[in-house]
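Written below as structure tokens is the structure these notes are about.
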Amino acid sequence: MTVTTIERLAGIPGQAPAVGPFSPAVIANGFVFTSGQIPAITGLDDQPDTFEGQVRQTIQNLAEVLAAAGSSLQHVVKINTYLTSPDQLEEYNRVYVEYFGTAKPARTTVCVSLWGVSLEIECVAVLAGKPEVAQ
């Protein structure tokens with residue numbers, strides 16, 4: 001019989017509080033599953049002015065969640081990105097490759113309607129110390 005341990009993170013120090021009843025990340029079977037991260041600095045009313053800055057803030061928020069869970073951006077295996085306009089894709093990709101360029105995790109990017117933000121990113125990562133996918 002296999003025992004599955006599931007750990008739900010309650011909050012991330014220094015991050016804006018969650019806007020709903022969910023965990024910023026759940027750890028299960030050596031993987032970290034993050035909730036969607038947005039460009040909030042201290043709250044929805046505190047976001048960078050430019051889309052580039054919003055992408056950077058969102059990825060920084062994602063990195064902080066992963067670190068709190070015992071992982072990192074280098075351990076990401078799958079990313080789901082939600083943009084609000086197809087016109088954002090080129091600029092998003094330009095910033096994205098600065099963080100994930102050589103690792104190239106699997107990725108889905110879609111355009112959706114979001115409330116109060118221009119993008120949201122969620123991911124699945126392996127825990128640090130677990131085998132990584134060859135680059």
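Index from 1, following the sequence. What you see below is based on every heavy atom in this structure, not just the backbone, and it leaves out hydrogens, waters and symmetry mates.
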Check the hydrophobic clustering (I, L, V, M, F, W, Y; side-chain heavy atoms under 4.5 Å; chains of links allowed) and say if [X] and [Y] are grouped together.
X: Val112; Y: Leu44; answer: yes
X: Phe51; Y: Phe100; answer: yes
X: Phe33; Y: Ile6; answer: no
X: Val95; Y: Leu73; answer: yes
X: Val117; Y: Val110; answer: yes

Quick one: does [X]'s side chain have a donor or acceptor within less than 3.5 Å of a partner on [Y]'s backbone?
X: Gln47; Y: Asp45; value: no
X: Gln54; Y: Pro48; value: yes
X: Thr34; Y: Cys123; value: yes
X: Ser35; Y: Ser23; value: yes

Inset, instruction - Step through the shown structure and confirm whether more than 12 heavy atoms of other residues, nucleotides or ligands are within 6.0 Å of NZ on Lys104. - result: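 12 or below, so no.
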
Legend entry - Residues in salt bridge (Lys or Arg N to Asp or Glu O under 4.0 Å) contact with Arg94, at least two apart in sequence or another chain: Glu90

Which heavy atom in [X] sits nearest to a heavy atom in [Y], and how many Å separate them?
X: Val76; Y: Pro105; result: O-CB, 3.5 Å
X: Val65; Y: Ile12; result: CG2-CG1, 3.8 Å
X: Ala125; Y: Ser71; result: CB-OG, 3.5 Å

Legend entry - Any pair counted as side chain to side chain donor-acceptor pair (under 3.5 Å), so long as it reaches residues 6-17, sequence neighbours left out: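 Only Gln15-Glu64 qualify under side chain to side chain donor-acceptor pair (under 3.5 Å).
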
Legend entry - Within 45° cone and under 6.0 Å: Arg107 NZ/CZ vs Tyr96 ring: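 Yes, a cation-pi geometry holds between Arg107 and Tyr96.
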
Inset, instruction - Assess the side chains of Glu52 and Thr50: does a donor N or O sit below 3.5 Å from an acceptor N or O? - result: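 Not at all, the side chains of Glu52 and Thr50 share no donor-acceptor pair under 3.5 Å.
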
Legend entry - Arg56 side chain near Tyr99 side chain, heavy-atom distance below 4.5 Å: yes

Inset, instruction - Indicate yes or no: at least one non-hydrogen side-chain atom of Val126 is less than 4.5 angstrom from one of Phe31. - result: yes

Rounded to the nearest 0.5 Å, what separation is found between the [atom1] atom of [X] and the [atom2] atom of [Y]?
X: Leu119; Y: Ile38; atom1: CG; atom2: CD1; answer: 9.0 Å
X: Ile59; Y: Ile121; atom1: CD1; atom2: CD1; answer: 4.5 Å
X: Glu120; Y: Asn61; atom1: CD; atom2: CG; answer: 11.0 Å

Legend entry - Check against side-chain hydrogen bond (donor to acceptor under 3.5 Å, both in side chains), Thr81 and Tyr92: CA-CA 10 Å; Thr81 300; Tyr92 173 75; 2.6 Å; yes

